[in-house]
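See structure below.
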Amino acid sequence: MNQVLFEGRLLVNMISTLMHKGALQVRYGRMDWERMFRTADYHRVANIIYLGLLGNGGLVPERWMSRFFERYQEALANGGNCEASEQEILTLLDMEKVPCVVLSSTTIRGLYELAETADMSPLRLYMSTENYTLVKGFLVDLGYETIQNYSDCGERMHRISGMNVDIYQQLPFRTKYYEKGMRELTFRARVRTGGSSVRILYPEDRMVFRMASVAYQYTTDGLMLRDMLDLFLYHRAWREQLNHSYIKKKLQAFRVDILAEKLLRLSYMWFGEKEDKEYMSNEEQLEDLNAFDILENRIFSRGEIGKDRETDAQVVGLMRLLNKEEEKESRKAKKEMKIKRREERKKAHGRFLRWVFPDYKYMSGLYPALEKVPVLLPFYWISRGIRLFIEMIKNRDQ
C-alpha cells in the first residue's frame, strides 16, 4: 500500500477508535514520524492523535512525541477561551451595529466529548467589503493579528491564548452556482438571540454550508480530516431535526448534491458506529466501492492519487467550471497588466515630452528674453535641445 494512503487510513483509524473508546491496535512498523506529524498537523488533528499515542510513546521518537503534545497542550490551554472570545467578539459587533453573518462557530466544539480534541478555528465571519476594515480594526483592538491571508477573500486572525478567527469580505468559493447558493444562505440568516446586527444560519443552512464546503474542498484538493470529522459530528447531532429534502434541494442548486452525499456517507464509514448503519452505506453505493476508494485516495494524498481516475460527474463538472474561472481570471489579470503597462508607457512618454518641450514658465526662467517675445518659445526649445545635445557629446568623449 502507498505510504501516504497507509498514513491517512491510520489517522482515521486512530481518531475513530478514540471517539468510540476502543482499544487501539496499530502495527507501527517503521513509521516516518516526521511525516506522520506533518500529515496530522495539516489535517488539523494532531491534538487528537496525541491521545492515541499515549501508552505507545516508546515507539514514537521523543522529538515527534513532544510535537504532538505541543498541539494537544495548545488545544487544552486555549480551548476554554474559545466560547468567551467568541461572545466577546459578537457582543462588540452587535454593540457597534456592524452587520455580519456567522458561518461557523464554537457550537461545533460542544459536539466533541473532549473539548481539547476540537479545532482551534471555530469562528468564521462574513461581512460586506464596507464593514470588513471596521471588523478587522475591532479585532486588532482586541489583540488579534493576521497570520494568514486568503487571496482577495479575507484573512485568518489570531490572538495569543485565544482562538483563530476567519473574516471574509468575499466568500472563498468560485463558479456562479456557488456564488449564488452561498449568497442565498447568507440572505436567509436570522439575527441571533439577544443580538441586533450579527446573524446566524438556520440548522439546515449550516448543514448545506458544510456539505457544499466539503464538496468544494474535495474538488480543489483541500479537504482535511478535520472538515470531515466536523461534518460527521454536526450531521449526527442534528440529523433527526433537519429537513433533508430542503438540504438536498439546496445542494442540487450547487450541483454537488450527489458528491456531498457521498462525502457525508464516507465520514460515517470513517467515524460512525453500528447504530449509524443507515448512513454508512446502502446497497446502491456498496456496488461501487471503487468510488469511495477514489474519494479516500484523493483526500489522503491531497489530490496526488486518484485525481486522474475521477469518475464522479459532479466533480468533473465542478473542476471544469473552476478551470474556466481560473482561465477567466488569468485573462483578466493579463488584460489588467497590459493596460497598466500601456499607462506606464503613456506616462513615460509624457515625461519625455515635458522634458524635451518644457512649459513656458520653466523656459522663461532659463531664457529671460522669452518673456518679452513669447512666440519665440519653439526657437528656444530648439536652442536648448542643441545645447543639451552638444553637452552630451562632450561628456561622452571625455
Side-chain angles (χ1 to χ4, degrees), residues 12 16 19-20 101-113 122 124 126 171 173 175-190 192-193 199-219 223-289 291-292 294-296 299 312-315 317-318:
V12 167
S16 181
M19 288 176 59
H20 304 151
V101 177
V102 178
L103 301 175
S104 62
S105 68
T106 57
T107 55
I108 190 68
R109 294 178 58 82
L111 303 181
Y112 284 83
E113 188 168 346
R124 302 171 75 189
Y126 168 67
L171 291 171
F173 306 101
T175 79
K176 59 182 180 181
Y177 303 111
Y178 264 84
E179 290 173 359
K180 180 182 178 182
M182 290 297 181
R183 193 163 53 246
E184 288 178 353
L185 294 183
T186 60
F187 286 162
R188 275 176 44 85
R190 64 174 180 85
R192 72 189 187 109
T193 304
R199 295 180 294 135
I200 60 175
L201 301 175
Y202 288 98
E204 282 83 5
D205 290 336
R206 288 201 293 269
M207 193 70 230
V208 172
F209 179 81
R210 286 190 180 278
M211 293 184 73
S213 295
V214 297
Y216 188 94
Q217 290 169 294
Y218 171 79
T219 305
L223 184 56
M224 303 178 190
L225 296 185
R226 176 67 71 176
D227 301 313
M228 292 287 280
L229 182 55
D230 284 351
L231 174 68
F232 162 74
L233 291 173
Y234 185 83
H235 185 269
R236 187 179 64 174
W238 286 89
R239 65 191 181 197
E240 302 302 327
Q241 291 84 27
L242 294 174
N243 183 337
H244 294 282
S245 61
Y246 169 83
I247 293 172
K248 183 175 181 61
K249 182 178 179 181
K250 281 293 181 182
L251 289 172
Q252 285 174 346
F254 284 87
R255 299 199 173 187
V256 293
D257 54 307
I258 298 174
L259 171 61
E261 180 69 18
K262 284 182 181 178
L263 289 168
L264 176 62
R265 290 188 180 277
L266 179 61
S267 74
Y268 271 92
M269 291 179 186
W270 284 352
F271 310 119
E273 299 181 81
K274 291 181 179 179
E275 56 266 30
D276 301 316
K277 186 177 180 180
E278 175 186 354
Y279 295 92
M280 293 172 68
S281 62
N282 61 31
E283 293 181 1
E284 179 182 348
Q285 288 171 330
L286 283 173
E287 293 176 2
D288 188 16
L289 289 177
F292 287 95
I294 293 174
L295 291 177
E296 280 194 344
I299 294 171
D312 190 293
Q314 291 189 338
V315 178
L318 183 52

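Since the model is a prediction, treat every value here as computed from it, not as a measurement. The basis for the numbers below is simple: all heavy atoms, side chains too, and nothing from hydrogens, waters or symmetry mates.
Interatomic distance, CG of Leu259 versus CG of Leu251, reported as 9.5 Å (0.5 Å rounding). Residue Asp205 holds its CG atom at 11.0 Å from CZ of Arg190, rounded to the nearest 0.5 Å. A distance of 11.5 Å separates OG in Ser267 from CZ in Arg210, rounded to the nearest 0.5 Å. Tyr216 OH to Tyr177 OH: the interatomic distance, rounded to the nearest 0.5 Å, is 14.5 Å.
Looking at heavy atoms from C-beta onward, Ile294 lies out of side-chain contact with Asp312 at the 4.5 angstrom threshold. Looking only at side-chain heavy atoms (C-beta outward), Phe173 and Glu179 stay at 4.5 Å or farther from each other. Side chains of Leu231 and Met211 form a contact here, defined as non-hydrogen atoms less than 4.5 Å apart. Side chains of Arg226 and Leu229 form a contact here, defined as non-hydrogen atoms less than 4.5 Å apart. Inter-residue side-chain proximity for Thr219 and Val256 is flagged as unmet; no heavy-atom pair is nearer than 4.5 Å. Between Val12 and Phe271 the shortest side-chain heavy-atom distance falls below 4.5 Å. Residues Tyr202 and Leu242 fail the side-chain proximity criterion, which asks for heavy atoms closer than 4.5 Å. Side-chain contact between Tyr218 and Lys262: absent, with no pair of heavy atoms (C-beta onward) separated by less than 4.5 Å.
Within the 3.5 Å criterion, the main-chain N or O of Leu318 finds no donor-acceptor partner in the side chain of Arg255.
Look at Glu184 and Lys250 and you find a salt bridge, because one of the NZ, NE, NH1 or NH2 atoms lies within 4.0 Å of a carboxylate O, short of that distance. Remark: Lys249 does not engage Glu204 in a salt bridge, criterion side-chain N to carboxylate O under 4.0 Å.
Side-chain contact, Arg206 with Tyr234: a donor N or O sits under 3.5 Å from an acceptor N or O.
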Apply side-chain contact (heavy atoms from CB on, under 4.5 Å) to the pair Met228 and Gln217, showing each step before the final yes or no.
-> CA-CA 11 Å; Met228 292 287 280; Gln217 290 169 294; over 6 Å; no
Apply side-chain contact (heavy atoms from CB on, under 4.5 Å) to the pair Tyr112 and Asp230, showing each step before the final yes or no.
-> CA-CA 9 Å; Tyr112 284 83; Asp230 284 351; 2.5 Å; yes
Can you check side-chain contact (heavy atoms from CB on, under 4.5 Å) on Leu103 and Leu185, steps first, answer last?
-> CA-CA 10 Å; Leu103 301 175; Leu185 294 183; over 6 Å; no
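A perpendicular orientation is assigned to the rings of Phe254 and Tyr178, their planes being inclined by more than 60° (bins at 30° and 60°).
Under the rule for a side chain to side chain contact (heavy atoms under 4.5 Å, CB included), the partners of Arg192 that lie at least two apart in sequence or sit in another chain are Gln87, Leu90, Thr91, Asp94, Val198, Ile200.
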